[in-house]
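Report on the following structure.
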Amino acid sequence: MTLDDTTAMQRAIAASRRALAAGNRPYGAVLLSPEGRLLHEACNRQETDADDTAHAELVLVREAQARLGRDALRGATVFASGEPCAMCAGAMFWTGVRRIVWAASNPLMAELLGGELLPACCADVLAGSRPPVLVEGPLLEREAAEVLRQARPAS
């Protein structure tokens with residue numbers, strides 16, 4: 001199955017709804033091959049896994065590598081319901097992802113959810129990377145924000 005950008009982001013946002021329903025922060029991510037073929041989907045699992053690093057993007061690349069092999073991520077695209085943090089941006093770079101598309105921006109997520117904030121934009125983290133990583137967003141930010149609004153703000 002090949003997906004266009006909008007459909008892939010809709011799937012990432014649907015994964016964010018599943019994360020929220022499971023008691024996690026409302027984030028989801030989708031991995032597409034360079035040809036646009038759906039490879040994997042993942043949800044944030046910080047609460048269910050009791051792992052503060054179980055962000056949707058990190059879960060995505062870990063599971064995809066385990067299931068598909070390391071080469072499957074080379075040149076791939078990740079669609080993330082929220083702008084990836086510095087940790088996730090670095091992980092995606094090191095696994096060979098070469099395009100990242102996000103829905104909700106870091107400032108919007110901070111406004112809606114509060115809590116701790118690492119104010120590094122994904123594009124800034126990856127600026128000058130070799131090979132380069134294309135970072136695009138927002139895409140479907142309003143739809144992603146609807147899910148974020150359903151979550152309890154951080155205390």
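The first residue of the sequence shown is numbered 1, and numbering continues consecutively from there.
Heavy-atom contacts from other residues, nucleotides or ligands closer than 6.0 Å to CZ of Arg74 number more than 12. Atom CZ of Arg142 sits in a sparse spot, with 12 or fewer heavy atoms from other residues, nucleotides or ligands closer than 6.0 Å.
Thr6 and Asp4 share no donor-acceptor pair across their side chains, judged by distance under 3.5 Å alone.
Asn24 places a side-chain N or O within donor-acceptor distance of the main-chain N or O of Asn44, the cut-off being under 3.5 Å.
Residue Leu73 is tested with Leu68, Thr95, Leu60 for a side chain to side chain contact (heavy atoms under 4.5 Å, CB included); the sole match is Thr95. Here the options are Leu139, Leu140, Val78, the test is side chain to side chain contact (heavy atoms under 4.5 Å, CB included), and the partner is Val101; only Leu139 passes.
Within the 4.5 Å cutoff, the side chain of Trp102 has heavy atoms near those of the Val135 side chain. For the pair Glu136/Leu134, a side-chain contact is recorded, criterion being any heavy-atom separation below 4.5 Å from C-beta on.
Leu148 contributes atom CG, which lies 6.5 Å from atom CG of Leu108 (distance to the nearest 0.5 angstrom).
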Item to check | Candidate pair Val133 and Arg99, rule side chain to side chain contact (heavy atoms under 4.5 Å, CB included), full reasoning | outcome: CA-CA 5 Å; Val133 177; Arg99 181 175 177 234; 5.8 Å; no
Item to check | Derivation of the salt bridge (charged side-chain N to carboxylate O under 4.0 Å, His left out) call for Asp52 and Arg25 | outcome: CA-CA 11 Å; Asp52 291 327; Arg25 303 287 281 174; over 6 Å; no
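Using a 4.0 Å cut-off between charged nitrogen and carboxylate oxygen, Arg17 and Glu146 do not count as a salt-bridge pair.
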